[in-house]
Structures are given as C-alpha cells and as structure tokens.
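Here is the structure we will look at, set down as structure tokens.
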Amino acid sequence: MTTSNSSKEISRKDFIKGAAFGIAGIAAMGLAGCSTDASQNSPPAPAEGTAWDHETDVVVVGFGGAGGAAAWEAGTAGSEVIVLELAKTAGGSTNICGGLVTIGGGNALQKAAGFEDSPENFYNYLTAALGTGADEEQCRIFAEQSPAMYTWLTEKIGVKFNPGINPLWPDTPNPTAGLTCTGDEYHMDYAAVSKAVHRTGWVDSETRPGGRDGSGFFQPLLRAVEAQPKVKVMYETAGEQLIYDHDKKRILGIKAKQGDKTLSIKARKAVVLTTGGFAKNEDMVRTYCPAFNGVLALGTAGDNGAGIKMGQAVGAALQNMHMAFSTSTAYAYTTQEGCAGGPLSQGIIVNQFGSRFVAEDHYHSWVAEYMLQNHQPQKHLPSYLLFDAQMYDTLPDKSKESLEKAKVTKANSIEELAKALGTSEGVLENTVQFYNSKVAEGKDPLLNKQSKFIKPIATAPFYALEIVPTSMFTVGGLRINTKAQVLSAETGAPIAGLYSAGRNATNVIAQQYGGSGTSVATCFVFGRIAGQNAAAEAAL
Ligand SMILES: Cc1cc2nc3c(=O)[nH]c(=O)nc-3n(C[C@H](O)[C@H](O)[C@H](O)COP(=O)(O)OP(=O)(O)OC[C@H]3O[C@@H](n4cnc5c(N)ncnc54)[C@H](O)[C@@H]3O)c2cc1C
C-alpha cells in the first residue's frame with residue numbers, strides 16, 4: 001500500500017489519465033486503436049448524377065453488435081444487404097466486451113432460476129434507474145422486446161447461456177453462471193418500484209478458453225450473418241458520406257473509402273448507421289462529453305464518431321451526448337463477481353469534504369459518474385472508500401493483495417485519517433459518527449443503502465482507498481424513434497431512408513447506466529428493429 005496526498009497537486013486530467021485500468025475481467029481484452037479522425041461533417045453528396053459502383057436494398061455501416069443484428073434482420077426479411085466494415089474483421093467493441101447482455105422481461109433463463117419478471121416490471125426498473133434523459137417510449141420498447149431478443153439470441157443466432165445463477169454478496173459467487181445481476185435491481189430505491197430480479201446474461205468466450213467475453217455472442221452472430229445468402233460484407237471499407245436524393249427527399253446511399261478508391265453505393269431502401277460511439281475521438285469527447293475527458297477510453301479505433309458525424313451532416317438531432325458509462329478503482333471492492341454490492345460496500349465513500357455522496361451498494365458506474373459529473377468535481381477527484389479493520393479482515397486474499405498495490409491511507413483513528421486525507425475540518429468525523437449512529441437500526445437515512453451492508457466503522461486501523469475513474473465509453477448519439485429512424489434536428493421528423501442503432505444512436509441509456517449488459521442489449525434490440533424497418537421500406 002502507498003500513502004499519498006500529493007494527488008491534490010496534480011491536475012484533474014493528469015490524475016484520471018494516470019489511474020489504473022481496474023475492471024477485473026476486461027483488463028486483458030484488446031483496447032485496440034487510438035484516437036482517429038472522424039469524417040469532417042461534410043454535407044451529404046447529391047444523388048443526382050451519381051455513377052453507382054454497387055446497388056443494394058439496405059446498406060449497414062459498421063459490423064458490430066448493432067450492425068450484425070440489423071444485417072441479419074434485413075437479410076432474413078429478403079432484402080439484399082451490403083455491410084461496410086472499417087476494420088479487417090467484424091466485431092468492434094461488441095466482440096471484445098465483457099460478455100454481459102441485459103435479458104429481462106421474463107425469459108426461460110430467468111424462469112429456470114425461479115425469477116418472476118415481466119416487461120412491465122423491467123420497464124419500471126428502467127424508468128426509475130436510468131435517471132434524467134431516459135426516453136420512456138424507448139424504455140417501453142426495450143423492455144417489451146427483451147424476451148424476444150433472448151429467444152432470438154438462443155434460437156436463431158445460437159448463443160449459449162450456461163445454467164445457474166451468480167448470487168449476490170455475501171453468498172459464494174458462481175463465475176460460470178449464465179444469469180447474473182450487474183445493475184441496481186436490488187438497490188432499495190429500485191426494489192421499491194420494481195420487483196428485484198436477476199436480468200443480466202453472461203456468456204463464455206469463444207476466443208479465450210476459460211474466459212468470458214463478447215465473442216460468446218458476437219461470433220455466433222457473425223456466423224449467422226455470413227450464412228445469409230443476400231448479405232455481402234465489405235471489409236476495410238469505411239462509410240464516409242451519406243448520399244441524399246433532393247428530388248425524392250431521402251437518403252439514397254453512401255460514399256465509402258476502400259483503399260484509394262471512393263465507392264458510391266446505392267441503398268434502394270435505406271442506410272443503417274451502426275458505427276459505434278465516439279470514445280476514441282478526443283475532440284468529440286472534449287466538445288460533447290467534457291466531464292469524461294482524460295478518462296481511459298474503452299473500445300476500438302472504430303469508436304471515432306464517424307456515424308454520428310454523418311448523421312449530423314444530414315441534419316440529424318443528437319441526444320444525451322454529454323453522458324457516458326464510466327467506472328472507478330472502487331469496482332474491485334464494491335462488487336462481487338460483477339454484481340453490485342461487494343465486501344467493501346460495507347464501508348463508506350466520501351469526497352474531499354469528508355461527506356458521503358453515493359450509496360456504496362450502487363451499480364459501480366454510479367460512483368465514477370457522480371464523481372465526474374458533480375458540480376464540484378475538483379472535490380470528488382479523488383474520492384475515498386473508507387473501511388475498518390474488521391471489514392479488511394473479511395476480504396479474500398486476492399483483494400488484500402490488490403489493496404497492497406493501491407493508494408490506501410491507513411490511520412489509527414478517524415481524526416488521524418481525516419488529517420491525512422485533508423478533508424474539511426470535523427466533517428469526516430461527523431459523517432462517520434452519524435453513519436454509525438444508525439447502524440443498530442440497520443438504516444441509511446442519507447443514501448438508502450441495503451441493511452446487509454450497514455456495519456459500524458469502528459475498529460482501528462481505518463483505511464481510505466483512493467477512488468478515481470478508470471475507464472469510459474460514450475452513450476450519446478443520433479436521436480432515433482422507436483422504429484430506429486433517425487430524427488431531424490430541425491423538424492423532429494424522421495429523415496427518410498436513414499436508420500441507426502447501437503452506440504451510434506441514443507436509446508434507453510441516459511444519466512445513469514442501467515447495469516452492465518445494457519449497451520449490448522440496446523444494440524441487439526434496436527439493431528433488429530432498424531434492420532426490420534429498413535427492409536420494409538419501398539425500394540427506389
Ligand atoms: C472492454 C469493453 C467491455 C465492455 N463490456 C460490456 C459488457 O459486458 N456489456 C455491455 O453491454 N457493454 C459492454 N461494453 C460496451 C459495449 O461493448 C459497446 O457499447 C457495444 O458493443 C457497442 O456496439 P455497437 O454495435 O454500437 O458498436 P461496435 O460493436 O463497436 O461496432 C461498430 C463497428 O463499426 C465499425 N465502424 C466504425 N466506423 C465505421 C465506418 N465509418 N464505416 C464502416 N465501419 C465503421 C467499427 O470498426 C466496428 O466494427 C464494453 C465495452 C468495452 C470496450
């Protein structure tokens with residue numbers, strides 16, 4: 001362990017940049033690529049007079065989870081599809097992600113494990129837990145489509161979920177279970193409005209034996225798309241500029257770069273933008289998402305915002321661009337095998353005043369997001385996870401070892417700890433005293449933590465683990481409706497011939513992230529919707 005207060009002299013950006021990448025299980029995954037330039041918002045090319053190099057019904061731009069789902073649906077509906085993929089291989093972030101996908105609403109896996117869920121119950125959770133900016137119509141569709149998405153994944157695509165559930169702390173974790181619970185379902189605030197159930201599917205890796213990651217759902221999807229006779233994939237081909245037909249007032253295709261060549265590809269029915277988010281585009285992060293600037297960006301080089309810019313260039317509205325998923329160094333201790341609430345959720349998280357600001361049993365991204373988006377981020381970067389000797393003693397050896405390498409301040413009294421951390425005079429002492437005074441009642445009147453995590457912070461020595469954000473990906477994008485049609489910023493009406501899904505678009509994810517697995521689930525649900533509706537358009 002190291003003891004340090006020097007962080008206060010370091011700039012916020014340097015500080016969060018230097019933070020370790022601490023998400024267990026995903027640390028080893030490829031974080032390919034660096035910041036690349038997205039297309040420069042060039043206006044759409046006119047369709048009039050274009051010499052087409054290729055013609056098809058539907059062009060899908062980007063072959064990750066959302067693009068794969070869209071291409072599969074459009075191909076299944078009988079449309080000819082061209083999929084453009086910037087990289088040499090398909091998969092994007094979806095293939096390298098943690099392998100978690102939200103599956104709610106009452107599916108076979110939930111039922112087999114004894115959980116009673118319904119689309120209504122899931123919807124109630126979503127609208128409560130996603131916070132400001134959650135689109136209720138999108139949440140409704142997402143919840144209603146979730147059981148069908150599970151059936152699609154398992155019966156049509158061939159994704160396998162292991163039997164069994166991963167239980168919550170303090171029960172012994174089951175790291176190979178197919179059903180887990182990574183979100184805030186069991187947090188008191190949400191359990192009050194929606195019956196708490198497990199609703200996160202977790203798949204084994206296909207590419208790393210013994211591991212768990214997104215290849216467990218993406219590789220079957222890739223095979224399913226490749227098996228579609230009418231779907232053609234063009235790799236190392238980057239969509240760059242949408243083509244607009246001024247006469248018909250709709251998107252009619254796209255210009256794409258393949259080596260030195262610029263191809264004009266006609267989409268007789270529609271173009272579907274599924275190029276991922278913009279975490280790897282530093283300019284865009286600085287512009288739209290400044291609170292997260294400097295936090296390690298997760299994803300691939302494809303997360304450069306190109307699809308968002310292409311949509312913007314044809315007048316599309318943007319939504320929730322300032323929001324992102326983020327996590328922190330508290331993750332390893334306040335979760336258990338990915339589930340919200342771990343051994344050190346018994347501790348308290350305080351800012352530099354010495355005040356609590358987030359319940360310690362919340363889904364882990366809340367901690368980092370609250371720190372970064374707080375109105376006084378300079379007083380939250382870093383924050384501290386406080387715990388006592390009894391809590392330390394209950395930690396598994398693995399956690400004790402990782403604490404040895406972390407920035408931890410140790411002291412024999414709360415007063416001494418407050419002094420070492422430099423918190424505002426008397427505040428930390430007061431925070432701990434008030435917290436401890438409610439322990440006998442098993443209550444947390446300030447932040448409503450579950451009673452199983454409420455223990456006195458009373459036995460010396462006392463520890464303070466420094467908490468900083470460790471990684472992020474963006475969740476804002478083109479505004480779409482429940483049909484996945486891209487909406488105009490000027491009129492709010494759909495831009496004819498243009499669809500979007502995945503992190504290229506905004507959907508249910510808002511101020512808060514609903515739980516690990518939400519992003520991939522939205523890719524599959526809205527990717528499928530985009531593909532179905534694009535295929536149903538009249539061909540020009
Ligand atoms: C390490 C890591 C762990 C994660 N863990 C989870 C998790 O467990 N569960 C979860 O729900 N979410 C997780 N996420 C987030 C989630 O993986 C992504 O948000 C989601 O997969 C995005 O899917 P997508 O289809 O929108 O984009 P992607 O899967 O990234 O696909 C976009 C594709 O478009 C291509 N592309 C980009 N620009 C162009 C262009 N101009 N022309 C053609 N092609 C282009 C890209 O190369 C890429 O292949 C994780 C992310 C990372 C990086």
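Hydrogens, waters and symmetry mates play no part in the numbers below; they use all other heavy atoms, side chains included.
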Lys483, NZ atom: more than 12 neighbouring heavy atoms under 6.0 Å: no

Set of salt bridge (charged side-chain N to carboxylate O under 4.0 Å, His left out) partners for Glu206, sequence neighbours left out: Arg223

Ring pair (Phe, Tyr, Trp, His ring centres under 6.0 Å) contacts in which one or both residues fall within residues 116-136, not counting sequence neighbours: Phe122-Phe142

Where at least one partner belongs to residues 133-149, residue pairs that pass salt bridge (Lys or Arg N to Asp or Glu O under 4.0 Å), sequence neighbours excluded: Glu120-Arg140

Heavy-atom closest pair, residues Asn174 and Pro167: N-CD, 3.8 Å

Derivation of the side-chain hydrogen bond (donor to acceptor under 3.5 Å, both in side chains) call for Thr470 and Thr329: CA-CA 6 Å; Thr470 48; Thr329 42; over 6 Å; no

Under 3.5 Å side-chain donor-acceptor pair for Thr180 and Thr200: no

Flag for Thr76-Gln228: side-chain donor and acceptor within less than 3.5 Å: yes

Heavy-atom side-chain contact between Leu318 and Tyr288 under 4.5 Å: yes

Whether Asn507 side chain and Gln138 backbone form a donor-acceptor pair below 3.5 Å: no

Pair Asp303-Arg503, salt bridge (Lys or Arg N to Asp or Glu O under 4.0 Å): steps then yes or no: CA-CA 9 Å; Asp303 285 304; Arg503 298 286 60 79; over 6 Å; no

Results of salt bridge (charged side-chain N to carboxylate O under 4.0 Å, His left out) for Arg479 - residues two or more places apart only: none

Geometric class of the Tyr244/His246 ring pair [parallel <30°, tilted 30-60°, perpendicular >60°]: perpendicular

Results of ring pair (Phe, Tyr, Trp, His ring centres under 6.0 Å) for His54 - residues two or more places apart only: none

Mutual orientation of the aromatic rings belonging to Phe325 and His364 [parallel < 30°, tilted 30-60°, perpendicular > 60°]: perpendicular

Within residues 516-540 or reaching into it, pairs that qualify as ring pair (Phe, Tyr, Trp, His ring centres under 6.0 Å) - sequence neighbours excluded: Trp152-Phe524, Phe217-Phe524

Residue pairs fulfilling ring pair (Phe, Tyr, Trp, His ring centres under 6.0 Å) with at least one residue in residues 221-240, sequence neighbours excluded: none

Counterpart residues, side chain to side chain donor-acceptor pair (under 3.5 Å), relative to Lys255 (two or more places apart): Ser264

Derivation of the side-chain hydrogen bond (donor to acceptor under 3.5 Å, both in side chains) call for Asn95 and Ser93: CA-CA 5 Å; Asn95 193 52; Ser93 290; over 6 Å; no

Backbone of Ala297 reached by a side-chain donor or acceptor of Lys280 within 3.5 Å: yes

Glu369: salt bridge (charged side-chain N to carboxylate O under 4.0 Å, His left out) partners, not counting sequence neighbours: none

Please list every donor-acceptor pair under 3.5 Å in which a side-chain atom of residues 265-277 meets a protein atom from a residue at least two apart or in another chain.
residue : atom : partner : partner atom : Å
Arg268  : NE   : Asp57   : OD1          : 3.1
Arg268  : NH2  : Asp57   : OD1          : 3.4
Arg268  : NH2  : Glu80   : OE1          : 3.1
Lys269  : NZ   : Ser79   : OG           : 3.0
Lys269  : NZ   : Ala535  : O            : 2.8
Thr274  : OG1  : Val61   : O            : 3.0
Thr274  : OG1  : Gly62   : O            : 2.8
Thr275  : OG1  : Gly307  : N            : 3.0
Thr275  : OG1  : Asn504  : OD1          : 2.9

With Asp245 via side chain to side chain contact (heavy atoms under 4.5 Å, CB included) - residues at least two apart: Ala47, Glu48, Asp247, Lys248, Leu252

Test item: side-chain donor near acceptor, Gln110 and Asp117, under 3.5 Å: yes

Set of salt bridge (charged side-chain N to carboxylate O under 4.0 Å, His left out) partners for Glu73, sequence neighbours left out: Arg528

